[in-house]
Amino acid sequence: WTQSADLISPSDVSVSEKVLQWMFAPSNWQKFFGDLGLSLGSRPAIWGLLVLGLLALIFSKPWIRRNIMSHGGKSSTEGIGGTLVLMLWIIIQTAGIPIILYLAAIYLKALPTGDYFTRAVCSGFAVTLKAVILLRLTVQLCKQGGMGRTHFLWNEPVCGSMVRSARTLLILFVPLLFFAIMIQNGPQTEGFRSSLGRLLFLFSMVPMLLVLWRSIGRSSPLAKAIVQGRPDGWLRKYLPLWSTVVLLCPVTLMVLTILGYYFTAYQLAWSLTEMAWLVLVLILVNAVMLRGLRAAQAKLALQKALHEQEEAARKAREADEDPEESIQSTPPVSAPSLDLQEINEHTSMLIRSVTLVVGLIGLWFIWADVFPAFRFLDNVSLWTQEIGVDKVGTPILKPITLLNLIIAIVIFVATFIAVKSGTALLEILMARSSKLDAGSQQSFGLIGQYAIFMVGLFAGLNALGI
């Protein structure tokens, strides 16, 4: 959190001319292609594998597209296995080629004799390709007929807004990002970063701010979907707060950049980018869990309907009635559509809780290196635990810190939620086995609850040194 440059001034424009000359100098690009040729000659096997992988992905595109289209008509009945296979095909189609190019850029950047310019270009390509993967995945999931709409039942207007936003960033944000990262990894002694690099970083925040405003503003499809979907949820209650915080992120980065805290803004932007990946992963994990539980509940509902039909036939036989007539009077049983299945409140709470816990852990790892106060928790000793003695008989003490206490509290809270919601989840998962009757399922549910409680209890006590 130190000022790395002066305020933006007209003098930065004159320095920017030198940066442009450095970026587009033919001699520098000759060095780049020379380093590329040197890397190809020194490690032909690795480059050969990369080229083969690239060609395989290019020529297999029609086959991959057919596999994806084959899942289109199964959106209402396809189980969790088919959903995961479809997601894998979409990731291969969307991120396969960018991943190959990313590996090539990272490998070329690691060339020991590589020029400074070569490393800067490779850094720009590597970071830009990760942004391209994120945005293209968003487009593929949310586009018309995409997996988000057909399998995950995402809101149609929200998906349309996400597609437009991602495409806007691909056109306006990604090119600026490439040059900003390239300059950031260029010469450090000539003011490149604080001149054109800082200006490009500042300009890249403008489309980001506009896209966020269009995506999460008060009149945006996402805000309307949150209000209509879960009126009592915390997203709805705190919508003005968290949407304002999100919109202030690019504004804060712009202000820091103008005031000369460019290095701070750059590092914060890295952490915010990792948060974007975390949000995408959490959304997909949540959607897959909901999809799997819908499939399991559909099977459970079908089994209960069949059991009721068999029970009706048994009662008819006991009453000396014609079982065929009784069965015919019973409505026919058909497999319920996944689109119409509702998940009970206990299971929904469990899914939200798991997503929340994973999200908090992810935020911890993302921001721990940015804010040293998080790491300071491990220096606040509460008490000590004797873990043994040394050679001379002196006790070896291990400090139990404030961080250990927070971890223990998180474990206990997660255990409480898991115990309260575990019965519903186990009942749905065990419904896949038709050999278990209702009594056996209830018994296994209780055993599972006790097991979760004991594991959570011992894990929490272990974190406290007890």
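Owing to the predicted nature of the structure, the values given are computational and were not obtained by experimental measurement.
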Could you pull out all donor-acceptor pairs under 3.5 Å where a side-chain atom in residues 86-95 meets a protein atom, sequence neighbours excluded?
{"residue": "T94", "atom": "OG1", "partner": "I90", "partner atom": "O", "Å": "2.8"}

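- Side-chain atoms of S60 never come within 3.5 Å of backbone atoms of W63 as a donor-acceptor pair (strictly under, hydrogens ignored).
- In the displayed structure, Y238 atom OH is contacted under 6.0 Å by at most 12 heavy atoms of other residues, nucleotides or ligands.
- The distance from the OG atom of S219 to the NZ atom of K224 is 6.0 Å, given to the nearest 0.5 Å.
- For Y266, the side-chain hydrogen bond (donor to acceptor under 3.5 Å, both in side chains) partners are W270, not counting sequence neighbours.
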Practice prompt. Evaluate side-chain contact (heavy atoms from CB on, under 4.5 Å) for T355 paired with V285, printing each intermediate quantity in order.
Written response: CA-CA 8 Å; T355 305; V285 170; 5.6 Å; no
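- A donor-acceptor pair is defined here as one N or O able to donate and one able to accept, closer than 3.5 Å; such a pair exists between the side chain of R149 and the backbone of C142.
- Residues forming a side chain to side chain contact (heavy atoms under 4.5 Å, CB included) with L272 (at least two apart in sequence, or on another chain): C249, L253, M275, W367.
- Of the possible polar contacts, one joining the W29 side chain to the M23 backbone as a donor-acceptor pair under 3.5 Å is found.
- Atoms NZ and CD1, on K130 and I99 in that order, are 12.0 Å from each other to the nearest 0.5 Å.
- The salt bridge (charged side-chain N to carboxylate O under 4.0 Å, His left out) pairs that include a residue from residues 60-70 number zero, where partners must be two or more places apart or lie in different chains.
- Between the S39 side chain and the L36 main chain, no donor and acceptor come within less than 3.5 Å of each other.
- With rounding to the nearest 0.5 angstrom, the CZ atom of F203 is 9.0 Å from the CE atom of M254.
- Considering every non-hydrogen atom in both T415 and I452, the closest pair reads CG2-O, 3.7 Å.
- At distances below 3.5 Å, at least one donor-acceptor pair connects side-chain atoms of S243 with backbone N or O atoms of L239.
- Contacts of A408 classified as side chain to side chain contact (heavy atoms under 4.5 Å, CB included), with partners at least two apart in sequence or in another chain: F412, A463, L464.
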Which donor-acceptor pairs under 3.5 Å do the side chains of residues 158-181 make with protein atoms, sequence neighbours left out?
{"residue": "R164", "atom": "NH1", "partner": "G160", "partner atom": "O", "Å": "3.4"}
{"residue": "S165", "atom": "OG", "partner": "S161", "partner atom": "O", "Å": "2.9"}
{"residue": "S165", "atom": "OG", "partner": "S215", "partner atom": "OG", "Å": "2.9"}
{"residue": "T168", "atom": "OG1", "partner": "R164", "partner atom": "O", "Å": "2.8"}
{"residue": "T168", "atom": "OG1", "partner": "R214", "partner atom": "NH2", "Å": "3.2"}

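- Side-chain contact of S123 with K109: a donor-acceptor pair under 3.5 Å is present, judged by distance alone.
- Atom CD of Q21 sits about 11.0 Å away from atom CG of N28, to the nearest 0.5 Å.
- Considering OG1 of T150 and CD of Q144, their distance stands at 10.0 Å, rounded to 0.5 Å.
- A donor-acceptor pair under 3.5 Å is formed between the side chain of D35 and the backbone N or O of D115.
- Between S271 and I366 the shortest heavy-atom distance is O-CG2, 3.5 Å.
- For the atom pair L268 CG and T252 OG1, the distance stands at 8.5 Å (nearest 0.5 Å).
- Residue W213 qualifies as open at atom CH2: its count of foreign heavy atoms under 6.0 Å is 12 or below.
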